[in-house]
Amino acid sequence: MFLRQVPPHESKSAFQKACVEGQRRSISGDTRPLDDESEARMLAFCDCVAGEVGSRLSQQDIAAVGLDQQSQALSDKLEAIFALCRLRNP
């Protein structure tokens, strides 16, 4: 119920933050900022992911991801978004 009350721009912001932290953690094992070039590439990727999530997924899908209750179909949608953003931001 709570996630349905969160405005869409806040959901997008939460996705961007989670993406940035996840990318930093996967690269360095920590969530502290990286060098400028890595940060710029990572932010471009995460902006792409957040934008695509906002345009391709419903609020119910976003809530399911937030609650870690996604279906295989939703996982496939997310993987397609990640693949698209990797192509756009090599």
Side-chain angles (χ1 to χ4, degrees):
M1 289 290 242
F2 170 73
L3 290 175
R4 291 186 188 168
Q5 298 173 9
V6 176
H9 69 277
E10 288 184 26
S11 295
K12 182 178 176 183
S13 176
F15 251 88
Q16 286 170 312
K17 182 179 178 188
C19 178
V20 167
E21 288 179 358
Q23 292 293 306
R24 286 177 180 158
R25 194 172 287 117
S26 71
I27 293 169
S28 70
D30 196 356
T31 58
R32 288 182 278 178
L34 306 169
D35 62 89
D36 291 343
E37 182 180 338
S38 296
E39 283 288 308
R41 288 177 56 211
M42 178 187 56
L43 291 173
F45 172 78
C46 290
D47 285 346
C48 177
V49 170
E52 293 299 322
V53 163
S55 68
R56 295 175 183 252
L57 300 183
S58 69
Q59 287 299 306
Q60 290 82 9
D61 287 343
I62 292 170
V65 171
L67 295 171
D68 198 24
Q69 296 177 346
Q70 63 220 45
S71 64
Q72 185 59 48
L74 180 52
S75 293
D76 292 344
K77 287 181 191 178
L78 287 170
E79 189 51 45
I81 289 170
F82 295 144
L84 173 68
C85 290
R86 279 187 213 107
L87 286 174
R88 289 183 182 168
N89 301 283

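Residue numbers run from 1 in the order of the sequence given.
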- Taking the side chain from Q69 and the backbone from A64, do they hold a donor-acceptor pair closer than 3.5 Å? no
- Quick one: CZ on F82 to CG on L87, what's the gap to the nearest 0.5 Å? 14.0 Å
- Note on the structure: When every non-hydrogen atom of L34 is compared with those of E39, the smallest separation belongs to N-OE2, 2.8 Å
- Message: Applying a strict under-4.5 Å side-chain criterion to I, L, V, M, F, W and Y, I'd like to know whether I81 and V65 cluster together.
- Response: yes
- Item | Trace of the side-chain contact (heavy atoms from CB on, under 4.5 Å) decision for V53 with L78 | CA-CA 8 Å; V53 163; L78 287 170; 4.2 Å; yes
- Query: Between L57 and Q70, is any pair of side-chain heavy atoms under 4.5 Å apart?
  - Reply: no
- Task: Among residues two or more places apart or on two chains, list those pairs meeting salt bridge (Lys or Arg N to Asp or Glu O under 4.0 Å) that have a residue in residues 77-90.
- Result: E52-R88, D61-K77, E79-R86
- Task: With rounding to the nearest 0.5 Å, note down the distance linking OG in S58 to CG in L74.
- Result: 8.0 Å
- Is it true that atom CG of D36 has more than 12 heavy atoms of other residues, nucleotides or ligands lying nearer than 6.0 Å? no
- Hey, could you give me the OG1/CD distance between T31 and Q23, rounded to the nearest 0.5 Å? 13.0 Å
- Query: Is any side-chain heavy atom of R41 closer than 4.5 Å to a side-chain heavy atom of N89?
  - Reply: no
